Number of protein chains: 2
Amino acid sequence: MTPAAPAAAGRALPHPARDEIRLEGVLHALSDPMRLRIVRELAADGGELTCSDFDLPVTKSTTTHHFRVLRESGVIRQTYRGTAKMNGLRDDDLDDLFPGLLDSLLAAAARQAARLGG
Amino acid sequence: MTPAAPAAAGRALPHPARDEIRLEGVLHALSDPMRLRIVRELAADGGELTCSDFDLPVTKSTTTHHFRVLRESGVIRQTYRGTAKMNGLRDDDLDDLFPGLLDSLLAAAARQAARLGG
DNA sequence: CGACTCATACGATAGGCATCGTAGTACGGG
DNA sequence: CCCGTACTACGATGCCTATCGTATGAGTCG
């Protein structure tokens, strides 16, 4: 049943333009513990990671959902590389829109992790 | 029907202790446009404002709800003064837990407001 | 006391969302 | 060509929440 809109189009992942990123959306994305954890790992790595590089205590479906929320809110950038999907922070765009915010958020998260985990 | 737990106890508003404030909770509280607006006005004023000082496009009930979410997440402090209820930012506690975060958030919100509104 | 104001509580409603399971699609290798 | 791996899509479910309207409590002032 070759559909009129081929599923192959799904390979093109929709990202919001830089001007369409909203602070509320970013904060909402980061207000979920699982997503905050993903972002922290991405920031710690500095480069790009595949979805399966994360060992999250949720199913694959839920992981996909969280990555989509992060992408649609403008926090991460996703690109395909073969079967894998690379995930990277959109720190350039975020720093341009909200200078210093991402660093402050990551610092706050690290501080809280140290306080609660240590 | 004088209840065993008198309603007068409602005069004591429950605030989370400083150590119980969670970054995720703060971000979630600020991810709502109405609440972000409230916090921005509170920061702009610098002092304490009553609930009715805000002219929000929602009903009184909803306003009360938002103030409670802000209080329970540790973002604001509420105290009674006669019939009025004064609201103030918990910037001291927040700065202690997450140094610089509140300023970054307010700066980001101001920047976005300038970008979209101007 | 009585009326008025400020804010809360409660019930209802509608929408959003985090989670899962299963089935399906794309890509690479034997 | 078939299979395995990586990710996605879809439907279901249960919870959370933003919103409202109305009724209630608490305090002030005539």
Side-chain angles (χ1 to χ4, degrees), chain A residues 1-15 22 24-25 27-39 48-73 76-88, chain B residues 1-15 22 24-25 27-38 48-73 75-88:
Chain A
M1 251 309 195
T2 52
R11 293 271 105 178
L13 295 165
H15 289 75
R22 292 291 173 274
E24 298 91 322
L27 296 184
H28 172 249
L30 265 43
S31 71
D32 183 277
M34 213 66 66
R35 291 194 288 260
L36 184 57
R37 172 171 165 177
I38 291 174
V39 169
E48 295 190 319
L49 295 172
T50 67
C51 292
S52 45
D53 283 334
F54 297 85
D55 196 21
L56 302 175
V58 290
T59 64
K60 266 320 187 124
S61 309
T62 306
T63 301
T64 297
H65 163 70
H66 284 312
F67 273 104
R68 179 169 41 183
V69 172
L70 286 171
R71 170 170 47 86
E72 292 180 344
S73 65
I76 68 172
R77 195 178 283 118
Q78 295 186 298
T79 54
Y80 280 107
R81 176 179 299 179
T83 70
K85 189 164 66 172
M86 309 309 292
N87 300 280
Chain B
M1 260 291 209
T2 51
R11 294 271 106 176
L13 296 165
H15 289 74
R22 292 289 175 274
E24 299 91 321
L27 297 184
H28 173 248
L30 266 43
S31 71
D32 184 278
M34 212 66 66
R35 293 195 288 261
L36 184 58
R37 173 171 164 176
I38 291 174
E48 294 191 319
L49 296 171
T50 68
C51 292
S52 44
D53 283 334
F54 298 85
D55 195 21
L56 303 174
V58 289
T59 65
K60 229 63 155 62
S61 309
T62 306
T63 302
T64 296
H65 162 70
H66 285 312
F67 274 104
R68 178 170 41 184
V69 172
L70 286 171
R71 170 171 46 86
E72 292 179 345
S73 66
V75 177
I76 68 171
R77 194 178 284 118
Q78 294 187 298
T79 54
Y80 280 106
R81 177 180 297 181
T83 72
K85 190 165 65 174
M86 309 309 292
N87 302 279

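Computed over heavy atoms, backbone and side chain alike; hydrogens, waters and symmetry mates excluded. The shown structure was predicted, so the numbers you read here are calculated from the model rather than taken from an experiment. Protein chains get the first letters and strands the later ones, always in sequence-line order, with residue 1 at the start of each.
- Considering only side-chain N and O atoms, Ser52(A) lies under 4.0 angstrom from the phosphate OP1 or OP2 of dC7(D).
- Atom CG of Leu70(A) and atom C1' of dC17(C) are 14 Å apart (whole Å).
- Looking only at distances, no side-chain donor or acceptor of Thr62(A) sits under 3.5 Å from a matching main-chain atom of Val58(A).
- One interatomic measurement links the two molecules: CG of Leu56(B) to C1' of dA7(C), which rounds to 14 Å at whole-angstrom precision.
- When each of Thr83(A) and Thr50(B) is assigned the nucleotide of DNA chain C with its nearest heavy atom, Thr50(B) is the one assigned upstream, toward the 5' end.
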* Test side-chain hydrogen bond (donor to acceptor under 3.5 Å, both in side chains) applied to Ser61(B) and Thr64(B), step by step -> CA-CA 5 Å; Ser61(B) 309; Thr64(B) 296; over 6 Å; no

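- Heavy-atom minimum distance, Arg37(B) versus Asp55(B): NH2-O, 3.2 Å.
- Without hydrogens or angle criteria, Arg71(B) side chain to Pro14(B) main chain gives a donor-acceptor distance under 3.5 Å.
- Separating the CG atom of Leu13(A) from the P atom of dT25(C) is a distance of 18 Å, rounded to the nearest angstrom.
- dT5(D) atom C1' lies 17 Å from atom CZ of Arg81(A), rounded to whole Å.
- Atom-to-atom, CG of Asp55(A) to P of dA6(D) comes out at 13 Å; the value is rounded to the nearest Å.
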Short N/O separations, protein against nucleotides 18-22 of chain D, under 3.5 angstrom:
unit_1	atom_1	unit_2	atom_2	d
dA18(D)	OP1	Arg35(B)	NH2	3.3
dA18(D)	OP2	Arg35(B)	NH1	2.9
dA18(D)	OP2	His65(B)	NE2	2.8
dT19(D)	OP2	His66(B)	NE2	2.2
dC20(D)	OP2	Thr59(B)	N	2.8
dC20(D)	OP2	Thr59(B)	OG1	3.2
dC20(D)	OP2	Thr62(B)	OG1	2.9
dG21(D)	N7	Ser61(B)	OG	3.4
dG21(D)	O6	Ser61(B)	OG	2.9
dT22(D)	O4	Ser61(B)	OG	3.3

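- Between the CG atom of Asn87(A) and the P atom of dC7(D) there is a distance of 8 Å, rounded to whole Å.
- For Met86(B) and dA7(C), the CE to C1' distance is 13 Å, given to the nearest whole Å.
- In this structure, Thr63(A) reaches neither bases nor backbone, as no heavy-atom distance under 4.0 Å exists between it and the strands shown.
- Between dA9(C) and Arg68(B), a contact under 4.0 Å exists linking OP1 or OP2 to a side-chain N or O.
- Using a 4.5 Å heavy-atom threshold, the side chains of Thr79(A) and Leu13(A) count as separate.
- With contacts defined as side-chain heavy-atom distances shorter than 4.5 Å, the pair Ile38(B)/Leu56(B) qualifies.
- Residues Asp53(B) and Asn87(B) have side chains not in contact (no heavy-atom distance under 4.5 Å, counting atoms from C-beta outward).
- If you measure from atom CD1 of Ile76(A) to atom P of dC7(D), you get 12 Å, rounded to the nearest angstrom.
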